[in-house]
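Chain A is the first sequence line, chain B the second, and so forth, proteins listed ahead of strands; every chain is numbered from 1. All heavy atoms count here, side chains included; hydrogens, waters and symmetry mates do not.
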2 protein chains.
Amino acid sequence: MSLKHAILGFLEFGPKSGYDLKRIFDRSVSNFWPAQHSQIYGTLARLEAEGLATMNIVPQTGKPDRKVYTITDAGRRAVHDWLLQEIPSIAPRSASQIQTFFLGLLSEPEILEVLRRRAKCLEEGIEELVERVPGPDDEAAKRSGRCAELDFYTYLTLDFGIERARFVLRWVNDLIEKVERGDPKRGGLAVFESRSEETKKANAP
Amino acid sequence: MSLKHAILGFLEFGPKSGYDLKRIFDRSVSNFWPAQHSQIYGTLARLEAEGLATMNIVPQTGKPDRKVYTITDAGRRAVHDWLLQEIPSIAPRSASQIQTFFLGLLSEPEILEVLRRRAKCLEEGIEELVERVPGPDDEAAKRSGRCAELDFYTYLTLDFGIERARFVLRWVNDLIEKVERGDPKRGGLAVFESRSEETKKANAP
DNA sequence: CCGGCCATGTAACAGGTTACATGATTGT
DNA sequence: ACAATCATGTAACCTGTTACATGGCCGG
């Protein structure tokens, strides 16, 4: 239920419309919590129904009306409770890990191809992330509508993303070296034991 | 679509039933790709419908019949294609990161409470993971139905899980120190600019 | 004239979680 | 007597993705 709480988190800084929120998500947390506008609008309606936010329509001339949402006390309590919640720091699902697990089914050149591509993607990703961190006196960032002085926790999450990507890149490069040295001795996966005889026979030869 | 391919990956090592697969998932990849039996059975039916596996019923005495699935050539091709696919190495969503982003809404003691709890969870998680890695001559593991000689890529994913958790733990501990030193200067999130006047006013004071 | 910004939504679909449901056998 | 193992499924639900839909205004 993180989208709900992230929206409430942003509403703590002032009333916003769905459109506002979409832009804010894209400019701040889209890195580790992307959100489509379709989802935002739906969630906002639910927040209002649950009494965590109130809505009022702001008519505009020449532009469509805005529906501006304001957080309520109940909403503030909900954010607070969520922030104190224990959330696992490691995601339970990793598509690249499950791919890695089965890499042994490929030939060595194919494995190296996959891993080198991975490394390249990571390098590019890191570059992109680094570009988003404005220096202490970043005029370009100021002009482009971004901001030179980042909030401590905003900077933190950006930094974490970069350092984590670097960590993964190091690991992938180590793995490439291992594969190049011929470390992976091919052998069946060892997860298949203590099964009925028919299946054992089917797995063995 | 990773569950589908993970199942096919396991089927490459021999025909298996849904029940078999559930146990295999729990003992091997549940760490980074958990699967419920409800999902496995459904997916198996779909694999058959798509011609990626064939099913035959194995009657048993005293036990329910087994539906044993065998991978087809089309299935093998599907796994192969999937393994060559480019999969992002960093998950796009991280619940703990989005929580971190809003930590500034809490008081300092609360922030430290959250972070220290996180560190504790990570330490416990690391211990659990380490216990699962059998040493080179691990009799206990052999007796308990696990296996002492791990396949290269099986070991790899386990190792990655541990190293990544250690990396995150180090990062959390660094953050705790920063917070204790009083580094986080409180200031509004800086993501709210270039907005219509009404909203600006609402955010500013 | 066309594309982009403003601003809102709906609907279909895919993937995963939780709970409900059945029923025989085996071990404590 | 009770719980666990074996073995299969269904159904409701939640979250997120993708595509479809509308419509005025402004700049190149």
Side-chain angles (χ1 to χ4, degrees), chain A residues 1-7 15-27 29-30 32-50 55-69 88 91-95 98 145 194-199, chain B residues 1-7 15-27 29-30 32-50 55-69 88 91-95 98 145 194-199:
Chain A
M1 306 221 89
S2 284
L3 179 67
K4 175 176 154 177
H5 295 107
I7 289 177
K16 285 165 189 52
S17 71
Y19 193 85
D20 292 345
L21 284 164
K22 170 61 178 159
R23 297 168 85 248
I24 288 168
F25 268 85
D26 286 347
R27 290 164 182 226
V29 297
S30 61
F32 44 88
W33 208 271
Q36 281 82 36
H37 74 268
S38 61
Q39 220 187 331
I40 291 172
Y41 286 120
T43 306
L44 280 171
R46 237 185 51 218
L47 288 181
E48 202 203 350
E50 289 171 15
M55 188 267 285
N56 54 318
I57 295 172
V58 178
Q60 297 188 121
T61 50
K63 289 177 190 175
D65 292 356
R66 308 178 75 232
K67 290 191 176 178
V68 176
Y69 291 83
R93 260 161 225 289
S94 164
I98 188 85
S194 61
R195 187 66 282 290
S196 64
E197 289 313 309
E198 308 92 82
T199 314
Chain B
M1 305 224 89
S2 285
L3 179 67
K4 175 175 154 176
H5 296 106
I7 288 177
K16 286 167 189 49
S17 71
Y19 193 84
D20 293 345
L21 285 163
K22 171 60 177 157
R23 296 168 85 250
I24 289 168
F25 269 86
D26 286 349
R27 290 164 182 225
V29 298
S30 62
F32 44 87
W33 208 273
Q36 280 84 34
H37 74 267
S38 61
Q39 220 187 331
I40 290 172
Y41 286 120
T43 307
L44 280 171
R46 237 185 50 217
L47 288 182
E48 204 204 349
E50 290 171 14
M55 186 267 285
N56 55 320
I57 295 172
V58 178
Q60 297 189 120
T61 49
K63 288 176 188 173
D65 292 355
R66 310 178 73 232
K67 289 192 177 180
V68 176
Y69 291 83
R93 261 160 224 291
S94 164
I98 187 86
S194 60
R195 189 65 286 289
S196 64
E197 289 313 308
E198 307 94 83
T199 313

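- Using modelled atom types, no side-chain atom of B:D26 and backbone atom of B:R23 make a donor-acceptor pair closer than 3.5 Å.
- Within the structure, every side-chain polar atom (N or O) of B:K4 is placed at least 4.0 Å from both OP1 and OP2 of C:dG15.
- At C:dC6, one or more side-chain N or O atoms of A:R23 fall inside 4.0 Å of OP1 or OP2 (strictly under the cut-off).
- Applying the 4.0 Å criterion to OP1 and OP2 of D:dC6, one finds that B:K22 has every side-chain N and O outside that range.
- From A:L44, atom CG reaches atom NE2 of A:H37 across 12.0 Å, with rounding to the nearest 0.5 Å.
- For B:Y69 and D:dA7, the OH to P distance is 14 Å, given to the nearest whole Å.
- Residue whose closest nucleotide on DNA chain D sits further toward the 5' end, between A:Q39 and B:H37: B:H37.
- Between B:R27 atom CZ and D:dT5 atom C1' the separation is 12 Å, expressed in whole Å.
- Using a 4.5 Å heavy-atom cutoff, the side chains of A:I98 and B:H5 are not in contact.
- Checking the phosphate oxygens (OP1, OP2) of C:dT8, a side-chain nitrogen or oxygen of A:S17 falls inside 4.0 Å.
- Checking the phosphate oxygens (OP1, OP2) of C:dG16, no side-chain nitrogen or oxygen of B:R93 falls inside 4.0 Å.
- Each end of the helix from C:dC1-D:dG28 to C:dT28-D:dA1 gets its own rotation axis from five pairs of C1' atoms, and the angle between them is 30° to the nearest 10 degrees.
- A 4.5 Å side-chain heavy-atom check between B:P34 and A:R93 finds at least one atom pair inside the cut-off.
- In this structure, A:K63 atom NZ and C:dC5 atom P are separated by 13 Å, rounded to whole Å.
- Distances shown here put a side-chain N or O of A:R46 below 4.0 Å from the OP1 or OP2 atom of D:dT15.
- Residue B:M1 has its side chain nearest to C:dG15 when only C:dG9, C:dG16, C:dG15 are considered.
- Side-chain atoms of A:I40 and A:F25, non-hydrogen and from C-beta on, do get closer than 4.5 Å to each other.
- Within the 4.0 Å cut-off from OP1 or OP2 of D:dG16, not a single side-chain nitrogen or oxygen of A:Q36 is found.
- When the side-chain nitrogen and oxygen atoms of B:Q60 are compared with OP1 and OP2 of D:dC6, none of them lie within a distance under 4.0 Å.
- The residue among B:P64 and B:G42 whose nearest nucleotide of DNA chain D is located toward the 5' end is B:P64.
- Within the nucleic acid shown, A:G18 comes within 4.0 Å of sugar-phosphate atoms alone, with no base atom in reach, counting heavy atoms only.
- In this entry the distance linking CD1 of B:I7 with C1' of C:dG15 reads 13 Å, nearest Å.
- Between B:Y41 and D:dG9, a side-chain N or O to OP1/OP2 separation shorter than 4.0 Å is absent.
- A donor-acceptor contact under 3.5 Å is not formed by the side chain of A:S38 with the base of D:dT17.
- Distance, B:Y19 OH to C:dT22 C1': 15 Å, rounded to whole Å.
- Rounded to whole Å, the distance from CG on B:L21 to P on D:dG9 is 12 Å.
- The separation between B:E50 atom CD and C:dA14 atom P is 10 Å, rounded to whole Å.
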